[in-house]
There are 2 protein chains.
Amino acid sequence: MTDLAPSKAEQVHARLKEEIELGELAPGASLSELWLVERTGASRTPVREALRRLAAEGLVDLVPRQGARVSRVSARSVRDLFEFRTLLEPAAVRQATEAAGADPGLHREFAAMRDAFAGTLDQAPSTARSRSFYELADRFDWAVIRAARNEHLRRTIAELRPHTARLRNLSHLDPQRVEVSVGEHLAVCDALLAGDADGAAAALVEHLQRSVETIFRNLAGSPWEDLDLLG
Amino acid sequence: MTDLAPSKAEQVHARLKEEIELGELAPGASLSELWLVERTGASRTPVREALRRLAAEGLVDLVPRQGARVSRVSARSVRDLFEFRTLLEPAAVRQATEAAGADPGLHREFAAMRDAFAGTLDQAPSTARSRSFYELADRFDWAVIRAARNEHLRRTIAELRPHTARLRNLSHLDPQRVEVSVGEHLAVCDALLAGDADGAAAALVEHLQRSVETIFRNLAGSPWEDLDLLG
DNA sequence: GTATGCAACCCTGTATACAAGACCCGCCGA
DNA sequence: TCGGCGGGTCTTGTATACAGGGTTGCATAC
């Protein structure tokens, strides 16, 4: 309604964020303002603004008088990320459980997602299925974030999302993992729908634990394996 | 060594941040770029950059095509802030406790702070004592943040600090509160120094609980009382 | 052959000019 | 008298010019 034209700064920000998330801009890649100007067609002002925003989100490192680089991935950064998510997301899912208990519409929304997850298991394993699963998982994450009532919690978790997505995209998708991950999501959904906040939180912690293990396993076979582990 | 000259953007950012923290720029105050240019002597580019950074930190609200305002304080924002701190800071103090147990130098540092807190009780109640106590409490908070080993946790807690400080400055200092607060800090210190992570976390939660109660009590007598409670 | 100093290039930090949207106030019509 | 419309002004969004620091690579001296 308000903005039929998102600002160029926002466009550049969104594009760079996506490219970093997808791994098209590799960790450590240098991002000169001039190069970005050529690539995006915007001028230096919006490019600078986008870079600063990305730096605030931790997706690029900004060295004064020297420029920007895509932030690196290290074993430590992965550990920190998942440890932090393990602190935040159970709290969010607890709040979401309470919210779903109080709001029938929200409850139905989560129920629909539970069914969608269950439906995933009927499809034969394939990259397409992995894709649609990850999309669904993403929508679920967003639903939980939105249902959390604490503004700081929402913002902070939302800011972590691109980091997680990047890790998933840097490691190669593991079709095996999808089966298990669907089950973990179902467990979270079931507990949430039953109003069992503790159960939902515990199931989520379980999921995060498995996820980080998978990422470490898969990262070991990726080109980024030896990128930097100086954390 | 590297920067004998902090960039103007950084200077403007630091100045605005401090003024917002101190309440000199009241919640809701409009921050036109041109006005800031006049006040700071910098040009619009660094001013804009500072505003964007402050917006990312939640200290100003940025409405596209319309400008920036100092972010408002509502009952809900206070609740959200302390609820979030209650989630994060116990984790940080746990990590700090472990760190102090492993690093004698760090342990001594915290021991010195404990003694400094104890020394505060010998002084007669006065604004000067309140001031020096809050300074000390601030240094303690920073020490805990630094000792935490998780990067995300550190950054996020550090980002919340200005919000808390602003609330303290918007409500009037309560000399009564200092006595109690010193005791709470001593409890956290003692547990931390004893290697009792759970105890330190619990003491900190207790402190946060009392703090938010005090703030609500004091805010009720301040000019901001009716500012907006639409949270 | 290696180390050191210098110079040219490139980059970011800053200032400012230009474009375009948003708001306010006054006018006109019902 | 009230509501809608239009122009003017102010504000932000964007582009670009200018200045200063950093880096790199080469030349020269040891």
Side-chain angles (χ1 to χ4, degrees), chain A residues 1-20 25-72 228 230, chain B residues 1-20 24-72 228:
Chain A
M1 210 75 24
T2 355
D3 47 10
L4 296 111
S7 73
K8 296 213 176 182
E10 205 150 346
Q11 292 175 38
V12 174
H13 171 82
R15 173 170 168 184
L16 287 181
K17 185 161 145 185
E18 187 180 348
E19 288 180 337
I20 293 174
L25 289 172
S30 131
L31 301 172
S32 121
E33 293 177 4
L34 202 60
W35 181 65
L36 292 172
V37 163
E38 287 170 6
R39 258 169 50 99
T40 63
S43 77
R44 278 186 62 210
T45 309
V47 164
R48 279 177 69 82
E49 188 174 322
L51 284 177
R52 304 304 162 127
R53 263 180 78 182
L54 291 168
E57 296 165 13
L59 290 172
V60 314
D61 295 332
L62 219 51
V63 182
R65 285 266 171 217
Q66 194 167 338
R69 309 183 87 83
V70 178
S71 71
R72 295 180 176 281
D228 81 343
L230 41 80
Chain B
M1 210 68 33
T2 355
D3 47 10
L4 297 109
S7 74
K8 295 211 176 182
E10 205 150 346
Q11 292 175 37
V12 174
H13 170 84
R15 173 170 168 184
L16 287 180
K17 185 161 145 186
E18 187 180 347
E19 288 180 336
I20 293 174
E24 297 172 4
L25 290 173
S30 132
L31 301 172
S32 122
E33 293 178 3
L34 202 61
W35 181 64
L36 292 173
V37 163
E38 288 169 5
R39 257 170 51 98
T40 63
S43 78
R44 278 186 63 210
T45 309
V47 164
R48 278 177 69 84
E49 188 174 321
L51 284 177
R52 304 303 161 129
R53 264 180 76 183
L54 291 167
E57 296 165 15
L59 290 173
V60 315
D61 294 332
L62 219 50
V63 182
R65 284 268 167 213
Q66 194 168 338
R69 309 184 85 84
V70 178
S71 71
R72 294 179 177 281
D228 81 342

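Keep in mind the model is a prediction, meaning the values are calculated, not measured. Below, chain A is the first sequence line, B the second, and so on; all start at residue 1.
Here the C1' atom of nucleotide C:dC11 and the CG atom of A:Leu62 are 13 Å apart, to the nearest Å. Going from atom CG of B:Leu34 over to atom P of C:dA22 covers 20 Å, rounded to whole Å. B:Arg48 places its CZ atom 14 Å from the P atom of D:dT11, with the value rounded to the nearest Å. In this structure, B:Leu36 atom CG and C:dA15 atom P are separated by 14 Å, rounded to whole Å. For B:Lys8 and D:dG20, the NZ to C1' distance is 13 Å, given to the nearest whole Å. Atom CD in B:Glu38 sits about 16 Å away from atom C1' in C:dA15, given to the nearest Å. For the pair B:Glu49 CD and C:dT12 P, the computed distance is 13 Å after rounding to whole Å. As rounded to whole Å, 16 Å separates atom C1' of C:dA17 from atom CZ of A:Arg44.
Contact between the side-chain N/O atoms of A:Arg65 and the OP1/OP2 oxygens of C:dC11 is not found at any separation under 4.0 Å.
Nearest nucleotide to the side chain of B:Gln66, out of D:dA15, D:dT23, C:dC23: C:dC23. Ranking D:dA15, C:dT14, D:dG13 by closeness to the B:Arg52 side chain, first place goes to D:dG13.
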Exercise. Could you go through the side-chain contact (heavy atoms from CB on, under 4.5 Å) check for B:Leu31 and B:Val60 one step at a time?
Key: CA-CA 9 Å; B:Leu31 301 172; B:Val60 315; 3.9 Å; yes

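Comparing B:Glu33 and A:Thr45 along DNA chain D, the residue whose closest nucleotide (by nearest heavy atom) sits nearer the 5' end is B:Glu33.
Within 6.0 Å of the CD atom in B:Glu24, the count of heavy atoms belonging to other residues, nucleotides or ligands exceeds 12.
Ion pairing between B:Glu49 and B:Arg53 fails under the 4.0 Å rule for side-chain N and carboxylate O.
Annotation for B:Leu62 and B:Arg52: closest pair CD2-CD, 3.4 Å, computed over non-hydrogen atoms.
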